[in-house]
Every structure is written in C-alpha cells, then in structure tokens.
Number of protein chains: 2
Amino acid sequence: MATADRILDIAENLVQTRGYEAFSYADISAALGIRKASVHHHFATKAELTRAVAARYRGVFADRLRALEREFPDPTRRLMRYLRLFQEALHDGDHMCLYGMLASDTQTLPAAVRDEVLGFFADQEKWLTGVIAAGRAAGEFRFDGKPAGTAAALFAGLEGAMLVARARGDVPYFAAVALRLVGALTSGG
Amino acid sequence: MATADRILDIAENLVQTRGYEAFSYADISAALGIRKASVHHHFATKAELTRAVAARYRGVFADRLRALEREFPDPTRRLMRYLRLFQEALHDGDHMCLYGMLASDTQTLPAAVRDEVLGFFADQEKWLTGVIAAGRAAGEFRFDGKPAGTAAALFAGLEGAMLVARARGDVPYFAAVALRLVGALTSGG
DNA sequence: GTCTATAAGATGATAGAC
DNA sequence: GTCTATCATCTTATAGAC
C-alpha cells in the first residue's frame, strides 16, 4: 500500500476522532513511523491533505450508495442499509461522521475542504430524496410535502444522532434514534 | 459589567463560532483590549474558563426553559418556543449550539467540560420528554413508544440541523428542518 | 487588576543532504 | 522518499513590577 494512501487513512481517522484543528503532522508522523518532513513530501500543506481526505471519502461513500441501489431495490431495505453505513462510520462510538466533524470546524476550514463538506451534504440529501420519493410512489412511505424536505430532516437527524452518540460513546443510542427518525419521517401524515 | 463576565461572553462566542481547539487567550485579549496575562488572572486555565462558560450557559438555558413552562402551558406552543431558542442560538447562521460544538471536541475536552456537555444533553432530553408526554396526554401529540425515545430523536435532530445550517450559513434551512422534525415526531402513528 | 517579560512546547512548513 | 536541521509563529501558562 502506497505511503500517500496510508497517510490518508491515518488523517481520516484523526479528523473523525479529533477534528481538523486538533490533528497535526506530528500525529501522522508518529502513527506512520516516518518524519514530519516526509509527510509534507506527500501532502505539502494541511489544507491539501485534508481536502484529499475529504474528496476520497466522498467518492467512496458515493460508490457505496450506488452499491445499495444495485443490491437493494426495495426503498425500505435500501434506507435501512443506509442507516447501517452511518452506524459503521461511528466505529466503536468514538468516530464522528467525517463531514459532520469538518462542518463543526467550518469557520477555520480551508475553502476547498468546506466545498467538499457542502458537496457531501448535497450528495446525501439528493440520494435520500430519491429513495424517499421512490418509497412513497411504491406505497411504502407516507409523509406530507416534498420528498426533499423529509430527506433534509432525516439527514440532519442522523448527523445530530452521530454527534450526540459519539459524545456519549453510545452506539445503541444512535441505532435507536436513527430508527425512530426513519419511522416518524416516513410513516407520518 | 465585571471583567470576568465580559471574558465569559467573549469566550462563549468564540466557542460557538470556532470551537474549543480553535480559540485562544490571544483572541480574548484582542477582543477585550487587555493582555493575555490579565485574562489568566480571571481564569487561570483554558479548562477552567471553558468549564465556566459551559456551566453558565447551562444555567441560563435552564432558566429559559422554566420561563417557557410559566408562560406557555400549552405543549404545542411550548415546543414551538423551544425551537425558537435553538434558532436564536444560531445567530446569523454562524454560531453552533455551544454544547453541540463542544461535543464535536469531545476527544480533546477537559473532563469537567465534557461533564457539562453530557449534563446539558440530559437536561434537554428530560425537559423535552416532559413536554412531549404532556402533549400526548392532552391529545395534542400522537406517537408510538415512550416519550423519552421521541424526545431523544427530536433533540438529536435539532443538533444536527444546527450543525448543517451553520455549515451552510442558512438559518431558514434550520427553521424548515426543525418544523418538519417536530411535525413528524409528534403527529406520527 | 493590569502590565511587561518570559518560558517551554507545539504548530505548519522549508532547505538541503543522502 | 526519507532524513536532519531549522524557521517563524503560535500556544498555554507563570513571575514579578506597578
């Protein structure tokens, strides 16, 4: 495995656990066993490194969503698998969603990273809107108003559930809240 | 107004906009117009300063909830006013909920501050549980399961809506998502 | 209570040898 | 690609004068 990829793996974990401000080249150097200068050789600046982490994760997640579309034609099952992706991102309850974490650092974030965060949020709302609209058309979901509004509320709910779950180190809390959000938003009046 | 209180005001704003890791004694010194050493005279360590900010805000918010109970006996109106408190915390779309922001810094937070964060979350879930239970008893709300579960989902949803809204600088987004969460969670099956 | 001065350490980043 | 060495700057925090 290439050094650049190992650096991205380590940086991804550091951002998810500590955030943009609280991780450093020294952390990566220690975890990988090479000097700080060597890390800079692969990613010259922290802005470029974090942008690369964000862009890679976004692509990986988009691939996973496409896989869900292939494997789970049923909207309800597709949505349940989507919840599982979020729960997996929590790891043992000590990782925040990469983009939720970066969002909390919005004010100090390099512009290119912020663009990836907003792009990821837009990706998720668009995908969820499609699933929810298909579910209503199939008679599986019931809700008022446009699908986009329900999708936005569901996505925000999942981000908040991850934020609180990680503060508590409580994965079952996330699972319970996520299920209730889906239940309330897709079987309402 | 006492210097200590002005320091707390400035620190509160800095935590809500930049987070625990990204604010410094130098920021407070510049905003207040006194030297860093003078800030340390009032709050010896960053841990103690942040703990004081967190404890004060928690008390103020608890007072506001008690005021809502006095002024709005109707559960639906009480809940709508609760949403307004969250929206006000967003300011112009550039402030995160103080505790949501600190929650994102969980891993690097002093233990005393983390305790305040978890205490605030518990406060909010308990209060919301009471409002929701009263609303169901009064025939205003309809939902399955225990009130505590619905309260947890609503609170998480509001935190997530604030996180995403601030990243976008979009207050109307928060208002729309908050209303939909309340609608779905309190008028469901 | 506020100041000047200072400390010890971390930060992101660069130059240049191997 | 990795290293040593170095840089300017920032961080939290303290000592002691006024």
Return the value, rounded to whole Å, for the distance between atom [atom1] of [X] and atom [atom2] of [N].
{"X": "A/Arg35", "N": "D/dT6", "atom1": "CZ", "atom2": "C1'", "value": "14 Å"}
{"X": "A/His40", "N": "D/dT6", "atom1": "NE2", "atom2": "P", "value": "17 Å"}
{"X": "B/His42", "N": "D/dT12", "atom1": "NE2", "atom2": "P", "value": "17 Å"}
{"X": "B/Arg6", "N": "C/dG1", "atom1": "CZ", "atom2": "P", "value": "11 Å"}
{"X": "B/His41", "N": "C/dT4", "atom1": "NE2", "atom2": "C1'", "value": "16 Å"}
{"X": "B/Ile34", "N": "C/dG1", "atom1": "CD1", "atom2": "C1'", "value": "8 Å"}

**OP:** Take the angle between the ring planes of A/Phe174 and A/Phe86 and call it parallel below 30°, perpendicular above 60°, tilted in between.
**Re:**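 Rings of A/Phe174 and A/Phe86: parallel, as their planes differ by under 30°.
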
Original post:
Where does the angle between the aromatic ring planes of B/Tyr82 and B/Phe61 fall among parallel (under 30°), tilted (30 to 60°) and perpendicular (over 60°)?
Top reply: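 If you compare the ring of B/Tyr82 with that of B/Phe61, the planes turn out perpendicular.
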
Original post:
A/Asn13 and A/Asp9: side-chain contact (heavy atoms from CB on, under 4.5 Å), yes or no, with the steps?
Top reply: CA-CA 6 Å; A/Asn13 261 282; A/Asp9 287 346; 5.5 Å; no

Original post:
Within the structure, does a side-chain N or O atom of A/Thr3 lie under 4.0 Å from either OP1 or OP2 of D/dT2?
Top reply: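 Checking A/Thr3 against D/dT2: at least one side-chain N or O falls below 4.0 Å of OP1 or OP2.
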
**OP:** Indicate whether OP1 or OP2 belonging to D/dC3 is found under 4.0 Å from a side-chain N or O atom of A/Ser38.
**Re:**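 Checking A/Ser38 against D/dC3: at least one side-chain N or O falls below 4.0 Å of OP1 or OP2.
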
Original post:
With A/Arg66, which residues qualify under salt bridge (Lys or Arg N to Asp or Glu O under 4.0 Å), at least two apart?
Top reply: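 A/Arg66: salt bridge (Lys or Arg N to Asp or Glu O under 4.0 Å) contacts with A/Asp63.
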
Could you pull out the protein-nucleic contacts involving nucleotides 6-11 of chain C (nitrogen or oxygen on both sides, under 3.5 Å)?
unit_1: C/dT11; atom_1: OP1; unit_2: A/Ser24; atom_2: OG; d: 3.2

**OP:** Taking only Lys NZ, Arg NE, NH1 and NH2, and the carboxylate oxygens of Asp or Glu, determine whether A/Arg81 and A/Asp74 approach each other closer than 4.0 Å.
**Re:**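 Salt bridge: no.
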
**OP:** Scan for salt bridge (charged side-chain N to carboxylate O under 4.0 Å, His left out) pairs involving residues 111-138 of chain B, sequence neighbours excluded, and state none if there are none.
**Re:**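 Pairs touching residues 111-138 of chain B that pass the test: A/Arg168-B/Glu125, B/Arg58-B/Glu116, B/Arg58-B/Asp123.
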
